[in-house]
Structure formats: structure tokens, C-alpha cells
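In what follows, every chain begins at residue 1, and chains take the letters A, B, ... in the order their sequences are listed.
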2 protein chains.
Amino acid sequence: MSEIQSLARGLKLLELLAAGDDDVGVTELAGQMGIDKSSVSRLVQTLAAYGYAEQDPTSRRYRLGPQIVRLSRSLLTRMPLRDEAKPFLRTLVNRTGECAHIAILAQGQALYIDQVESPASLRVTTGVGTLAPLHCTALGKCLLTFDSTAEMPAELPPFTARTITDHKSLAAHLEQTRRQGYAVDDEEYDYGVRCVAAPVYDFRGKAVGAIGISGPAGRVTLERMADFATIVKEVSQSLSDRMSFNRS
Amino acid sequence: MSEIQSLARGLKLLELLAAGDDDVGVTELAGQMGIDKSSVSRLVQTLAAYGYAEQDPTSRRYRLGPQIVRLSRSLLTRMPLRDEAKPFLRTLVNRTGECAHIAILAQGQALYIDQVESPASLRVTTGVGTLAPLHCTALGKCLLTFDSTAEMPAELPPFTARTITDHKSLAAHLEQTRRQGYAVDDEEYDYGVRCVAAPVYDFRGKAVGAIGISGPAGRVTLERMADFATIVKEVSQSLSDRMSFNRS
DNA sequence: ATTGTCCGTTGGTTATTATACAATCGTGTT
DNA sequence: AACACGATTGTATAATAACCAACGGACAAT
């Protein structure tokens with residue numbers, strides 16, 4: 001498990017560039033990495049040479065480059081689940097009037113790999129590429145409950161007053177999720193936002209992702225929750241059937 | 001301009017992973033790179049350690065990892081143009097009934113950074129992250145004409161029978177584009193697809209991107225083209241005004 | 001206008017580091 | 001069951017990238 005140091009440093013630099021809200025200078029990067037400026041300068045030059053970073057001509061500071069977006073597209077378009085799911089997400093939007101999302105497990109979090117927006121002017125979108133915690137989102141809970149490769153997060157940080165923050169309560173909640181076959185997020189991640197999600201299975205019966213809807217609490221009321229759940233379960237079931245059919 | 005070799009190799013590996021339609025083995029990668037398998041093995045291990053690649057547990061082959069998608073999101077959300085453009089793209093869809101796109105210049109090509117789908121069942125979408133040639137797409141021609149940092153492509157490869165493939169014709173066509181203030185793609189990139197696009201300017205009057213619509217030739221007829229052009233120019237003008245207003 | 005400071009880049013040297021070759025281990029195959 | 005293929009690990013050498021120091025350009029202040 002020997003790491004290639006300079007590659008590792010380059011990748012860390014990419015993360016630092018992504019973390020900063022603005023362009024970042026070489027000296028600042030060097031400080032954060034704890035290595036010499038000259039090393040950083042050459043590393044970011046290499047990143048820039050391949051399009052993974054770019055330098056502002058005037059400020060000479062660096063930011064992420066467009067190559068990243070290209071790679072991301074390659075990755076997303078190569079996901080069979082994503083392509084198959086698209087029309088089902090549209091169905092969800094049509095039947096519920098809320099935004100629909102699909103997520104998979106990645107690095108112990110829920111990674112949103114696609115989204116279809118609702119026509120409503122007040123809507124709850126989550127950008128493709130977003131990573132969200134498993135313990136307080138509907139999609140995350142689905143993955144945690146049904147995807148056997150998911151591990152219980154060690155920490156359960158609160159995001160709202162309703163976030164479940166102790167493992168015992170979460171275990172009970174996930175047990176209920178398992179029985180119901182769907183997961184709910186009742187303003188546990190964002191105030192005023194409720195979500196419903198259900199797992200998607202491949203042809204082996206293994207959970208490979210989750211789809212769901214999210215909307216403002218004013219429209220996604222607790223009374224209507226059961227109806228939403230029925231719809232989401234139906235659509236996720238159809239998608240699972242389709243995934244089985246293709247058997248890829 | 002000294003490159004860090006191992007970082008450069010790692011980045012090249014990412015591209016190879018993105019290029020393959022399926023997971024790729026270490027030996028194959030080593031062959032394509034012209035270096036030893038062991039080197040590749042350690043490089044991809046490092047990529048995997050940081051989430052930029054991942055290994056299939058059974059086949060032991062590698063593919064791109066989810067970290068890429070995260071970085072892509074960071075990059076896209078940090079583009080002020082993209083955020084500002086979103087509602088204007090929606091306006092375009094509402095007024096034309098066709099899909100709306102926004103692109104910027106990246107690496108000598110048009111990079112699609114956002115998209116809003118039309119409600120029509122037959123629609124022409126171009127995924128976010130797509131790179132398209134400058135000489136045969138409406139957005140690309142806009143960038144080529146109005147973005148002073150764009151360079152004329154050396155090669156003008158044909159994609160359809162209508163693709164403009166010689167520099168002289170293209171120059172005349174771009175001259176007309178400049179006079180009109182908008183660009184047209186009349187089935188020059190994809191058969192059956194027409195597009196109209198207009199440039200977006202920042203507060204300095206510099207073109208920073210282009211927005212446009214694309215749709216099936218059956219709906220985007222040559223007769224309606226002028227109407228579409230008017231709408232696209234209006235909306236791009238509004239967006240430019242808004243970009244100037246914010247002055248960021 | 002001139003000096004001074006800050007920041008990114010480049011030169012050069014040494015020791016670290018990554019490379020290539022060879023061996024190993026694990027899988028799937030014949 | 002033996003084999004063949006491919007990924008991984010061990011190891012010595014030589015290349016390479018790290019650090020230090022100097023340079024150059026931009027901007028600010030005097």
C-alpha cells in the first residue's frame with residue numbers, strides 16, 4: 001500500500017482548490033500542505049498542463065480546471081443505473097410534483113448522481129455531485145438500510161433540531177425503514193424540507209442505489225407522506241425490475 | 001515548465017480510465033502508457049486511496065471514482081455565470097419549448113456547464129460536462145466569434161454533410177454571425193438538430209460564454225429561426241445585463 | 001518616480017522517491 | 001489438478017522531486 005507521494009500531493013491540491021471559495025495562491029496552498037512553495041508551484045503547473053487546474057492570468061492564482069467536469073461526465077454517463085433511472089425520475093416528478101433524485105453510496109456518503117427538477121417555482125434541488133450524510137437524508141437512510149456495503153457512520157452530527165444523533169434511535173428508525181421498504185427525512189437535514197426515498201435493486205437483489213423525492217414541508221405534509229411513499233416505492237420497484245431485465 | 005512526472009502519469013491514467021467504456025486492468029493501462037505494470041499499479045492505488053479511482057472487488061480492474069464528481073460540482077457551483085444563467089435558461093425553455101444550454105470556452109472547445117430540459121418528449125439534450133467542437137455548434141460559433149480568447153481550430157472535421165470544413169467558408173460564416181449577433185447550427189453537428197445561440201458578456205463587455213437552444217429540425221424550422229434568434233438574443237442580453245449589474 | 005514588499009517562478013544540489021525488473025499471490029481456466 | 005493470466009509486492013538503482021535560495025514581476029507606499 002505504498003503511495004506515490006507526488007501524485008497524492010497533486011490530488012490533495014485538487015481538493016484544496018475545490019475547498020476554497022475563490023482562487024488560491026501557491027503560498028497559501030503550500031502553507032496548508034506543509035510543503036515548500038516551489039513544490040506546490042510545480043505540482044499545480046502540472047495540474048494546469050493537463051487541464052485539471054487553471055491559472056488566472058492576472059492574479060496568477062489557481063482554480064480547478066475544466067478537465068474535471070469532462071471526467072465527471074464520463075463517469076456519470078458510464079453508470080447504467082443513472083441512464084435507466086432518468087425516465088423513472090421524470091415519472092416521479094410527474095406523479096408527485098416534487099423534485100426527484102437518485103443517489104448511490106460513495107465514500108460512506110450518499111452521492112447524488114442525477115436529478116429531475118419539478119415545475120413548481122418553489123422546489124428543493126440537490127445538485128448532481130453533492131455528497132450528503134447517510135443518517136439524516138431519505139436517500140442516505142435507504143442506502144444505510146438496504147445497501148449491505150454501507151457502514152453505520154461513527155458520528156451522527158446534527159443538522160437541524162430533528163436530526164437523529166444517537167445510534168440507538170437511528171437503529172430503531174432504520175429498522176422501521178426496513179419494515180416499510182422506504183425511508184423518510186422529516187426536516188432532519190434542511191429545515192422546511194421533507195424527503196421520501198426507496199431503494200433500487202439490481203438483478204441479484206442487491207441494493208445499488210436509491211431514488212426519492214424532496215419538497216417543501218408545506219406541500220410534502222405528513223398526511224400525504226404515505227401517498228408519496230407508495231408512489232416512490234412503486235417507481236423504485238419498476239426501476240429495479242428494469243435493472244433486472246437488462247441484467248448488466 | 002518542468003512537469004512532475006508521477007503526477008502527470010496519474011492524471012493521464014484518469015483520462016485513460018475515463019476513455020474506456022468499461023473497467024480497465026493494470027496491464028492494459030501499462031501498455032497504453034508505455035510504462036511498467038508495477039508503476040501503474042501503485043499509481044492507481046494512490047488514485048483509489050483518494051477516491052479518484054476505484055477498484056472492482058472481484059475483477060480487480062479500475063474505474064473512475066466518485067471524488068471526480070464531487071470536484072466537478074465544486075467547480076460548477078463556483079461559476080457565477082452558471083448560477084446567474086439558470087433562470088434565464090428556464091426562460092428560454094418557456095419561450096421556445098426547446099432545451100436550453102450554456103457553454104463556456106475550455107481547452108479550445110465549448111464546454112456545456114448547464115442545461116434545462118424542455119418538457120417536450122422529443123428533445124435534444126447535451127449533458128453537462130460535454131465538450132463540443134467550436135466550428136459546428138451554435139454555442140461554439142458564438143464563442144469563436146465573440147470570445148477574444150478563442151482561437152480558430154486548426155482542423156475542421158466534418159460531423160454531418162453540412163459541417164463547414166474549410167476555413168474560408170467558416171470565416172465568412174462567422175463574419176455573418178458577428179453581424180447578426182447570434183449563431184446558428186443547421187444540422188452541422190448532429191443530423192436533425194438545429195441550434196441557435198448568442199453570446200453572454202460580463203461587465204467589461206468581454207464575452208464569457210454563450211447560451212442557446214437546440215431542438216429537432218422538425219420544430220426548429222428555418223422559417224422560425226429568426227424568431228428563435230430574437231428570443232435568444234433578448235435573453236442573452238438580459239443575462240449580460242445581470243452579469244454587469246453584479247459586476248463580480 | 002522610486003523603493004520596498006509580496007508572491008509566483010526558476011536554478012541547483014542532495015537525498016528521497018519512484019521506477020523497472022523479478023518474484024509472489026490469488027483467480028479463473030483447461 | 002495444473003496452468004496461465006493478471007494484479008500486487010520486494011528490492012536495487014537511478015532518476016526525480018524535494019528543499020533552499022535567488023530571481024523577476026506586480027503592486028503599494030512613500
Side-chain angles (χ1 to χ4, degrees), chain A residues 1-65 149 204 206 247-248, chain B residues 1-65 149 204 206 247-248:
Chain A
M1 186 58 118
S2 49
E3 261 183 21
I4 304 293
Q5 189 187 59
S6 44
L7 176 56
R9 287 182 171 178
L11 299 177
K12 266 185 191 157
L13 281 173
L14 285 179
E15 289 177 48
L16 289 179
L17 289 175
D21 277 349
D22 204 356
D23 296 1
V24 194
V26 166
T27 306
E28 193 180 339
L29 290 170
Q32 294 179 22
M33 301 264 302
I35 61 179
D36 198 82
K37 319 159 186 222
S38 65
S39 304
V40 172
S41 180
R42 284 188 245 255
L43 286 167
V44 289
Q45 276 180 53
T46 304
L47 289 174
Y50 287 85
Y52 292 85
E54 61 184 15
Q55 187 179 35
D56 187 286
T58 61
S59 75
R60 317 223 91 190
R61 295 155 75 86
Y62 287 89
R63 70 181 81 98
L64 287 181
T149 64
R204 307 207 47 148
K206 184 195 170 316
R247 241 211 347 291
S248 72
Chain B
M1 187 53 120
S2 49
E3 261 184 19
I4 305 292
Q5 188 187 59
S6 44
L7 175 55
R9 287 181 171 179
L11 299 178
K12 265 186 191 156
L13 281 173
L14 285 179
E15 288 176 50
L16 289 179
L17 289 176
D21 277 348
D22 203 358
D23 297 1
V24 193
V26 167
T27 305
E28 192 180 338
L29 290 170
Q32 293 179 25
M33 300 266 299
I35 62 178
D36 198 81
K37 312 150 190 257
S38 66
S39 304
V40 173
S41 179
R42 284 189 244 259
L43 287 167
V44 289
Q45 276 180 54
T46 304
L47 290 173
Y50 287 84
Y52 292 84
E54 62 184 12
Q55 187 180 34
D56 188 287
T58 62
S59 74
R60 319 223 89 189
R61 295 155 76 86
Y62 288 88
R63 71 180 81 98
L64 288 180
T149 64
R204 306 207 48 150
K206 184 196 171 314
R247 236 201 3 280
S248 70

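Straight-line distance from the CG atom of D36(B) to the C1' atom of dA23(C): 13 Å, rounded to whole Å. Rounded to a whole Å, the CD1 atom of I4(B) is 17 Å from the P atom of dA15(D). R42(A) has its CZ atom 9 Å from the C1' atom of dA18(D), to the nearest Å. Atom C1' of nucleotide dA7(D) and atom CD1 of I35(B) are separated by 15 Å, given to the nearest angstrom. Between D56(B) atom CG and dG6(D) atom P there is a gap of 16 Å when expressed in whole angstrom units. L43(A) has its CG atom 15 Å from the C1' atom of dT10(C), to the nearest Å. dA18(D) atom P lies 14 Å from atom CG of L29(A), rounded to whole Å. Rounded to an integer number of Å, the gap from CZ of R61(A) to C1' of dC6(C) is 12 Å.
The two residues V26(A) and Y62(A) come nearest to each other via the heavy atoms CG2-CE1, 3.7 Å. Annotation for L17(A) and A53(A): closest pair CD1-CB, 4.0 Å, computed over non-hydrogen atoms. Taking each heavy atom of I4(A) and T46(B) in turn, the nearest pair found is N-OG1, 2.9 Å.
Residues L14(B) and Y52(A) meet the side-chain proximity criterion, which asks for heavy atoms closer than 4.5 Å.
Distances were taken from every side-chain heavy atom of R60(A) (C-beta onward) to each of dG8(C), dA18(C), dC19(D); the shortest belongs to dG8(C). Of the listed nucleotides (dT9(C), dC21(C), dA7(D)), dA7(D) has the atom at the smallest distance from the side chain of V26(B). When distances are taken from the side chain of Q45(A) to each of dA18(D), dT8(D), dT9(C), the shortest belongs to dT9(C). Among the nucleotides dA20(C), dA7(D), dA18(C), the one closest to the side chain of Q55(B) is dA7(D). Proximity note for Y62(A) (side chain, C-beta onward) versus dT9(C), dA20(C), dA18(D): the nearest is dT9(C). With dC19(D), dA18(C), dT11(D) as the candidates, the nucleotide lying closest to the side chain of S39(A) is dC19(D).
Nearest-nucleotide positions on DNA chain D for T58(A) and S38(A) put S38(A) closer to the 5' end. Residues Q5(A) and K37(B) each lie close to DNA chain D; by heavy-atom proximity, the contact nearer the 5' end of the strand is made by K37(B). The 5' end of DNA chain C is approached more closely, in terms of each residue's nearest nucleotide, by V44(A) than by the other of R9(A) and V44(A).
Using a 4.0 Å heavy-atom cutoff across all strands shown, S6(B) reaches sugar-phosphate atoms only and no base atom. Heavy atoms of T27(A) sit under 4.0 angstrom from primed sugar atoms or phosphate atoms, though from no base atom.
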Would you sort out whether D23(B) and R63(B) count as a salt bridge (Lys or Arg N to Asp or Glu O under 4.0 Å), showing the intermediate values? CA-CA 5 Å; D23(B) 297 1; R63(B) 71 180 81 98; 3.1 Å; yes
